[in-house]
**Q** 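Before I ask anything, let me first share the structure, which is written out below as structure tokens.
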Amino acid sequence: MNNKFEPTDEQRAIIEPEIWQSSLVVAKAGSGKTTTIIHRAVRQAGIIESWESIAIISFTNKSSKDISKKIRSIEARSIITMTFHSFLLQHVLVFSKIFKNRDVSFDYSKRVNNLKEWVKVIQEEGIIPVASNSHNDYLFKYSILLMREKPYVLKYLRTKFVAIYIDEAQDNSHLQYEIVDILLSVGIQMVMI
């Protein structure tokens, strides 16, 4: 990461807020949004408890790896980076019987038409299929069900994560925004970029 990063006044207000709270960061492409939120996350990580974490979620594996590399270069602690799907698999779906202690992988060639069929394929074949209709991401739908029906899932998330940063939030689907609403409702700080 560029150690010579000199934030503008606007970037400094994001990196060093008077109050750590949910925020929306809006700026044009190439303006340094990702670098700014990494610096914010590093600064915030320095004041949280040892058992707490900050998650930075991005939409692609490549973006997640790039962010992770930048965070490692400044040796930040308590910050995890991953895609939205990986976050849900590792921190929400592990509370489901069909995912607990199972090694599953995505199979993009296997398509299903509803949530019940999706669950059945995971149980019987150990793979995560995709929805026939791209608007139905059953991994998100199932995660929402778990968070709504199992209060201990939200309790775990609230205890584990002080803040969740979502890079490129304009790409969120309605299901992802529903998850953001649920996380906000239990007091998790959300930083949308």
Side-chain angles (χ1 to χ4, degrees), residues 29 33-34 37-38 41 53-72 76 78-161 163-186 188 190-193:
K33 293 182 300 291
T34 302
I37 61 123
I38 289 170
S53 296
I54 294 169
I56 300 178
I57 295 173
S58 61
F59 283 89
T60 66
N61 288 324
K62 181 187 180 317
S63 176
S64 180
K65 287 177 185 173
D66 289 346
I67 292 170
S68 182
K69 183 178 174 183
K70 290 175 183 176
I71 288 173
R72 276 194 316 273
S78 303
I79 300 173
I80 61 170
T81 60
M82 57 186 55
T83 64
F84 222 134
H85 284 97
S86 294
F87 178 81
L88 294 174
L89 281 166
Q90 292 179 32
H91 297 286
V92 174
L93 295 177
V94 293
F95 290 99
S96 166
K97 290 184 290 185
I98 67 168
F99 285 94
K100 195 169 189 156
N101 299 322
R102 287 188 83 172
D103 196 19
V104 294
S105 60
F106 287 95
D107 183 342
Y108 297 101
S109 65
K110 182 81 171 188
R111 301 201 175 270
V112 295
N113 296 309
N114 58 54
L115 185 60
K116 186 176 180 180
E117 191 179 337
W118 184 81
V119 169
K120 184 178 178 185
V121 169
I122 295 168
Q123 289 174 320
E124 292 177 359
E125 300 178 39
I127 59 171
I128 302 172
V130 295
S132 297
N133 177 337
S134 62
H135 297 292
N136 290 324
D137 189 321
Y138 297 120
L139 190 140
F140 284 97
K141 286 187 173 194
Y142 193 73
S143 296
I144 291 166
L145 282 173
L146 272 177
M147 288 189 282
R148 293 200 187 283
E149 294 177 0
K150 311 279 186 201
Y152 54 83
V153 174
L154 290 175
K155 187 174 183 177
Y156 159 77
L157 290 170
R158 176 63 189 108
T159 303
K160 175 81 175 159
F161 296 100
I164 298 174
Y165 292 52
I166 301 178
D167 198 17
E168 304 295 340
Q170 76 275 4
D171 295 334
N172 276 359
S173 69
H174 71 283
L175 294 171
Q176 290 159 325
Y177 277 118
E178 190 170 343
I179 289 171
V180 168
D181 284 342
I182 293 168
L183 297 173
L184 281 167
S185 76
V186 295
I188 297 173
M190 300 298 297
V191 179
M192 310 287 282
I193 300 90

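Not measured: the values here are computed from a predicted model. In what follows, residues are counted from 1 in the order of the sequence shown.
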**Q** At what distance, to the nearest 0.5 angstrom, does CD1 of Ile56 lie from OG1 of Thr34?
**A**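 Rounded to the nearest 0.5 Å, the CD1-OG1 separation comes to 9.0 Å.
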**Q** Report all side-chain donor-acceptor pairs from residues 142-153 shorter than 3.5 Å, counting only partners two or more places apart or in another chain.
**A**
from	atom 1	to	atom 2	distance (Å)
Tyr142	OH	Ser96	OG	2.9
Ser143	OG	Leu139	O	2.8
Arg148	NH2	Glu178	OE2	3.1

**Q** Can you tell me how far apart NE2 (His85) and CG (Leu93) are? Round to the nearest 0.5 Å.
**A**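 Atom-to-atom, His85:NE2 and Leu93:CG are 10.0 Å apart.
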**Q** Spell out, as yes or no, whether a donor-acceptor pair under 3.5 Å connects the side chain of Ser68 to the backbone of Lys65.
**A**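 No, the answer is negative, given that no donor and acceptor are paired below the 3.5 Å cut-off.
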**Q** Considering all heavy atoms of both residues, which atom of Ile122 and which atom of Pro129 are nearest to each other, and what is their separation?
**A**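 Result for this residue pair: CG1-CD, 4.0 Å.
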**Q** Thinking salt bridges, do Lys70 and Asp66 make one under a 4.0 Å N-O criterion?
**A**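 Here Lys70 does not pair with Asp66 in a salt bridge, since their nearest N and O are not under 4.0 Å apart.
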**Q** Apply side-chain contact (heavy atoms from CB on, under 4.5 Å) to Ile80 and His91, showing your working.
**A** CA-CA 12 Å; Ile80 61 170; His91 297 286; 3.7 Å; yes
**Q** Between OH of Tyr165 and OG of Ser58, what distance do you get to the nearest 0.5 Å?
**A**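 Tyr165 OH to Ser58 OG: 15.0 Å, rounded to 0.5 Å.
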**Q** Which distance, rounded to the nearest 0.5 Å, do you find between the CZ of Phe84 and the CG of Asn172?
**A**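 These two atoms lie 5.5 Å from each other.
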**Q** Taking only residues at least two apart or on different chains, which pairs with a member in residues 110-119 satisfy side chain to side chain donor-acceptor pair (under 3.5 Å)?
**A**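 Sorted pair list: Lys110-Glu125, Asn113-Ser132.
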**Q** Check the orientation of Tyr108 and Phe106. Use parallel for under 30°, tilted for 30 to 60°, and perpendicular for over 60°.
**A**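 Parallel: the ring planes of Tyr108 and Phe106 meet at under 30°.
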**Q** Measure the spacing between CD1 of Ile179 and CG of Leu157 and express it to the nearest 0.5 Å.
**A**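 The distance works out to 10.0 Å.
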